[in-house]
Amino acid sequence: ASLCFPSAWSLREKFGLPMADIHGGVPGYPGRMEQLIARMFDNLRVENPVSRQNWSIYGDARLHHPESKSDPHERFPPDSPVHDRAIIRVERQTLRRLPTSDAILFTIRVHLAPMAALKDHPRGGVLAASLRDQLLALTAEQLAYKGLVYARERLAEALAVIAGAPQMPTRPPT
């Protein structure tokens, strides 16, 4: 294994575990999602790699975030403003079956961008509104998993300002 820039997980805690244990803390994983992922791994073909994207928001631009879910890093202390320090972190994850060994290669490429950069993006308002909607749709378990329980409302307000709708209501996690 080679792990350069983890997003709130530790290879030491995951290495050698079965898939169910690796993803045990992921909200919604047990059950249907677990079955879908198992089927995807079983049916993955050399000629058809798959990819997905995953987002999070951090309070700094460091690439290396090996903090464990069991010892989370406080991304946005309660007294700190989020609009200037929020960094959108997007992971592009790929799965590829290797032809000779039949093993599966899992890769992650991390992309970072300051949330404030959305202000200057041609579609920044639309992107900010979409990210805000996704943030507000997270359940309490998903917020905890992403480390955003205490910052959600402040992040939603900052995204609403970028989206051009500073009076957008927020709602508590479900």
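Values reported hereafter were calculated over all heavy atoms of this structure, with side chains retained and with hydrogens, waters and symmetry mates removed.
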In terms of hydrophobic clustering (I, L, V, M, F, W, Y; side-chain heavy atoms under 4.5 Å; direct or indirect links), are [X] and [Y] co-clustered?
X: L105; Y: V110; value: no
X: F106; Y: L36; value: no
X: F41; Y: V26; value: yes
X: V126; Y: L136; value: no
X: V90; Y: L118; value: yes

Under 3.5 Å, side chain of [X] to main-chain N/O of [Y], donor-acceptor pair present?
X: R132; Y: A163; answer: no
X: K119; Y: V161; answer: no
X: R92; Y: S51; answer: no

Quiz item: With a cut-off of 6.0 Å (strictly less than), are more than 12 heavy atoms of other residues, nucleotides or ligands near CZ of R97?
Solution: yes
Quiz prompt | Side-chain touch L138/Y145, heavy atoms, less than 4.5 angstrom | solution = no
Quiz item: Any side-chain heavy atom of I57 sitting closer than 4.5 Å to one from R152?
Solution: no
Taking all atoms of both residues into account, what is the closest heavy-atom pair of [X] and [Y], and its distance?
X: R75; Y: G147; answer: CD-O, 4.0 Å
X: R89; Y: S7; answer: NE-OG, 2.6 Å
X: L159; Y: A128; answer: O-CB, 3.6 Å
X: P49; Y: L44; answer: CA-CD1, 4.5 Å
X: L135; Y: A156; answer: CD2-N, 3.8 Å
X: F76; Y: A151; answer: CD1-CB, 3.6 Å

Atom pair [atom1] ([X]) and [atom2] ([Y]), whose distance is rounded to the nearest 0.5 Å:
X: L95; Y: N48; atom1: CG; atom2: CG; result: 12.5 Å
X: I162; Y: M115; atom1: CD1; atom2: CE; result: 4.5 Å
X: I104; Y: T94; atom1: CD1; atom2: OG1; result: 11.5 Å
X: L112; Y: R62; atom1: CG; atom2: CZ; result: 11.0 Å
X: Y150; Y: L155; atom1: OH; atom2: CG; result: 14.5 Å
X: R109; Y: Q53; atom1: CZ; atom2: CD; result: 11.5 Å

Quiz item: Could R85 and D60 be called an ion pair, given the rule that one side-chain N must be under 4.0 Å from one carboxylate O?
Solution: no
